[in-house]
Amino acid sequence: MKKSFLIVMLTVIVSAASCSFTSKFENDPDKDRLLIDLISYVLSKGHYDAKDINDDFSKEVFTDYIEALDPLKRYFYKSDIEDFKKFENLIDDQIRDKDITFFNLTYERLQKRMTEARVLYKEILEKPFNFDKDESIDTNYEGLSYAENKAEMKNRWRLQLKFNALSSYYDKVDEQIDSITKNDSYVRKTAMVLEEESREITKTSLKEYFEFADDLQRKDWFSIYINSIVEEFDPHTYYFAPQDKDRFDIAMSGKLEGIGARLQKKNDNVKIIEIISGGPAWRGNKVEVGDLIMKVKQEEEVEPVSIVGMRLDDAVSLIKGPKGTKVTLTVKKVDGTLENIEIVRDVVELEETYAKSSVVKKNDKTYGIINLPKFYFNMEDYNQRNAAKDVKQEIIRLKEQDMQGLVIDLRDNGGGSLQTVVDIAGLFIDKGPIVQVKTKGESPEVLSDRDRNILWDGPLVILVNELSASASEILAAAMQDYKRAIIIGSKQTYGKGTVQNVMDLNRWMRSNDFGDLGALKLTTQKFYRVNGGSTQLEGVKSDVVVPDRYSYIDIGEKDQENPLPWDKIPAADYTIWDGYIDFDQTISNSKARMAKNEQLRLINENAKWVREKRDIDVYSLNYQKYKTNIELNEKQAKRFEAINDYQTNYSFESLPYEMELIKKDTVLSEKRKRWHKSLSKDVYVEEALSVLEDMKINNIRRSKNPLSVKLKN
């Protein structure tokens, strides 16, 4: 797979060596033009299903770009759109000509309209809202026409702001009633005062919104334009501006180098909102949640740099840094005092990114559950910590507790590294194919597990839902095709059957006077099950289908714009697992139990109700009607409260090694308590345990596995 793709890329790079962007643009100050030229070239040469950049393509980009700039249609006027439409069929030509006239026009116009909107919202919020007036707002913005004049635009803003204020007003009235009930001495506020307070809340939220907008630079808006172009190829091709690429790397590896704190911009201040367990800030125990970082001083600098009013991304860039370096933060504590705190930066592992496991008893048998949030790996060195290594380690630890059945929870797992999937699947089967990968114009390559040893040959259940995607679908599909595991979950998984490679755009330049160009995540291949079917669009269909909150919501690949099509290739050569007795009967038993389960019936009804509410676009701005509607919704919702009240008879516990960590780490302790409580209320986990109990192992087959025997002795 890698070899074939590298040959394609090498050809592209060699071709690029004689292209305009390596010489003509060497001293060109226009970085935007360079990016357009470079990205369009890479797309045309490297994308799995490269589109023709023509007038039809131009129209699609035009529509998506304008919608991305103004999704609520509260900035642009009809006249603006008419001005823009002159370019509707010309974007393809501008891409070829490295012309950014259209972007410049939209960017400058948007800045002008946002400046006008700042004045507009302040004018509107100076006057009280009449919540007795019988009017409504339509939130179907896609079907909304653009405002023709300032009066129409002002009314559009007025309705939106009134809607926001009405929500706050309702909450305040409700809070006051509660306060009066509990406290006889409570001084009742008038409706006028409550209305004014609700407007102030709305005013504050708008102020923060525009402060965030002020932090956006021209390059941020240009990234939106570029992505409107690249996402026409498929939903997973994406341009990462330099700082976005950093975030992507952190998400995939679960690691960052810095102080180990999550930050948020609040007004002009940078606020600490979370201390990451185990990180340098946590170990130093001097900074706290709620502290404001005022200044940042590097160890090689004499004077600190004030970050008050600075863009959050720029502030973060100053605070984070390589392992072993020192940074001094001037912190304003919650009590108002200032303190200089020196922190030695280190590698921070984001614990919630990694696999975690728990044990549970059922009828004197011990079962294990491994939750895998994503298939993480280090993008620079696969041999460092990755999902496959961690899952393997957790299975070994679970076997030490005499585990007799294993659940792997892939719900909400959006994917990650393809190699980790192959390595994890190999823990459960003899050597054999796991997934087929196809590059455009080439024969499929089969990625196989080549190790005959099996780490876990006992009962296996995999939990999935509609948000289990990509690598999750490969693992579930392989285990399903081999009949190695029973898949419990949604009707189908997400349906992402494509492979992306992240290309550092800087590597394409012989010399670069423009600074960091970022990276392009590019769809280069499609993957297929060992049975030959694609997971693209269709996903993995569960053996036992159970309803969940996403059942009636359009969130899969098939609901995205520009997805690649489903297709099929010949099956790989694989042998179905013969380690179970009555595999199909176990599935039938589970389906029968699920059909009678009252909790699932209620979850299904709730999912339908949620869909109905999502389809409502028109809301009354009259307080009494708004109140009546909320009370009706609350009344309807009461019948679904039993979903949260559900409780199984099972208690989940951490493994011994983690119990020792919990003694020293209160944050980890609290996280595990919440997870274990969630597991004990989870009807899907409950059924997974019942399935494990039903699964009968072919002991003759098990005895053939030397590793299995070795681990038991």
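The pair Lys362-Glu693 meets the salt-bridge criterion, with a side-chain N (NZ, NE, NH1 or NH2) lying under 4.0 Å from an Asp/Glu carboxylate O. Ionic pairing of Glu634 and Lys638 is not present here: no N-O contact between side-chain nitrogen and carboxylate oxygen is shorter than 4.0 angstrom. With salt bridges taken as basic N to acidic carboxylate O contacts below 4.0 Å, one links Lys483 and Asp584. In this structure, Arg484 does not pair ionically with Asp457, as no charged nitrogen and carboxylate oxygen lie closer than 4.0 Å. Classification of Asp390 and Arg385 as a salt-bridged pair holds, one side-chain N sitting under 4.0 Å from a carboxylate O. Using a cut-off of 4.0 Å between Lys/Arg side-chain N and Asp/Glu carboxylate O, Arg529 and Asp481 are scored as salt-bridged. Ionic pairing of Lys356 and Glu658 is not present here: no N-O contact between side-chain nitrogen and carboxylate oxygen is shorter than 4.0 angstrom.
Lys365 is not listed as a side-chain neighbour of Val360, based on a closest heavy-atom distance of 4.5 Å or more. Between Thr586 and Ile486, the closest side-chain pair of non-hydrogen atoms falls below 4.5 Å. Two residues are said to be in side-chain contact when any heavy atoms from C-beta on lie closer than 4.5 Å; Phe527 and Thr535 meet this criterion. Contact of the Leu600 side chain with the Tyr684 side chain is registered, since non-hydrogen atoms from C-beta on lie closer than 4.5 Å.
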Worksheet item: Where do Thr498 and Gln500 land on the side chain to side chain donor-acceptor pair (under 3.5 Å) test, with the steps shown first?
Response: CA-CA 7 Å; Thr498 56; Gln500 285 71 41; 3.0 Å; yes
Worksheet item: Do Thr328 and Asn340 pass the side chain to side chain donor-acceptor pair (under 3.5 Å) test, and can you show the C-alpha distance, the side-chain angles, and the key distance before you say yes or no?
Response: CA-CA 6 Å; Thr328 301; Asn340 291 326; over 6 Å; no
Discussion item. Determine whether Tyr238 and Phe240 satisfy the following criterion, ring-ring contact (aromatic ring centres under 6.0 Å, His included), listing intermediate values before the conclusion.
Written reply: CA-CA 6 Å; Tyr238 190 83; Phe240 290 111; 5.2 Å; yes
Discussion item. Test salt bridge (charged side-chain N to carboxylate O under 4.0 Å, His left out) on Arg639 and Glu605; report intermediate values, then the result.
Written reply: CA-CA 10 Å; Arg639 63 192 172 110; Glu605 288 181 13; 3.3 Å; yes
Worksheet item: Going through the distances and angles, do Lys671 and Asp665 end up as a salt bridge (charged side-chain N to carboxylate O under 4.0 Å, His left out)?
Response: CA-CA 10 Å; Lys671 286 180 178 178; Asp665 189 340; over 6 Å; no
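Tyr354 and Glu394 share no donor-acceptor pair across their side chains, judged by distance under 3.5 Å alone. A donor-acceptor contact under 3.5 angstrom links the side chains of Glu473 and Thr493, judged on distance only. A donor-acceptor pair shorter than 3.5 Å can be found between the side chains of Glu557 and Gln536. Neither side chain, Arg672 nor Ser654, offers a donor N or O lying under 3.5 Å from an acceptor on the other. Ser490 and Asn465 are not linked by any side-chain donor-acceptor pair at a separation below 3.5 angstrom, with hydrogens and angles left out of the test. Checking Gln647 against Ser680 by side-chain atom types alone, a donor-acceptor pair falls below 3.5 Å. Using a 3.5 Å distance cut-off with no hydrogens or angles, the side chains of Lys681 and Asn644 do not pair a donor with an acceptor.
Remark: side-chain polar atoms of Ser542 are not paired, donor with acceptor, to backbone N or O of Ile488 under 3.5 angstrom. Listed for the Glu687 side chain is no donor-acceptor partner under 3.5 Å among the backbone atoms of Val683. The main-chain N or O of Gln419 is found under 3.5 Å from a side-chain atom of Ser417 such that the two form a donor-acceptor pair. Between the side chain of Ser358 and the backbone N or O of Glu653 there is at least one donor-acceptor pair closer than 3.5 Å. Here the side chain of Ser551 pairs no donor or acceptor atom with the backbone of Ala607 at under 3.5 angstrom. Under the 3.5 Å distance criterion, the side-chain polar atoms of Gln492 are matched with a main-chain donor or acceptor of Leu537. Side-chain N or O atoms of Arg549 include none that pairs as donor or acceptor with a backbone N or O of Val610 at under 3.5 Å. Under a 3.5 Å cut-off, the side chain of Asp543 and the backbone N or O of Ile487 do form a donor-acceptor pair.
Within a 6.0 Å sphere centred on CZ of Arg397, other residues, nucleotides and ligands contribute more than 12 heavy atoms. Enclosure of atom NZ in Lys613 by more than 12 non-hydrogen atoms of other residues, nucleotides or ligands within 6.0 angstrom is indicated. Atom NZ of Lys286 is surrounded by 12 or fewer heavy atoms from other residues, nucleotides or ligands within 6.0 Å. Remark: Asp645 CG is packed, more than 12 non-hydrogen atoms of other residues, nucleotides or ligands lying under 6.0 Å away. Annotation: Arg614, atom CZ; neighbour count of heavy atoms from other residues, nucleotides and ligands within 6.0 Å does not exceed 12.
Cation-pi geometry between Lys399 and Trp456 is not satisfied (NZ or CZ under 6.0 Å from the ring centre, within 45° of the ring normal).
Among Glu686, Glu598, Gln599, the one residue that satisfies the side-chain hydrogen bond (donor to acceptor under 3.5 Å, both in side chains) test with Tyr646 is Glu686.
Classified by interplanar angle (parallel below 30°, tilted 30° to 60°, perpendicular above 60°), the ring pair Phe652/His676 is parallel.
Considering all non-hydrogen atoms of both residues, Asp430 and Asp449 come closest at O-OD2, 3.5 Å. Closest approach of Leu263 and Val316 over heavy atoms only: CD1-CG2, 4.1 Å.
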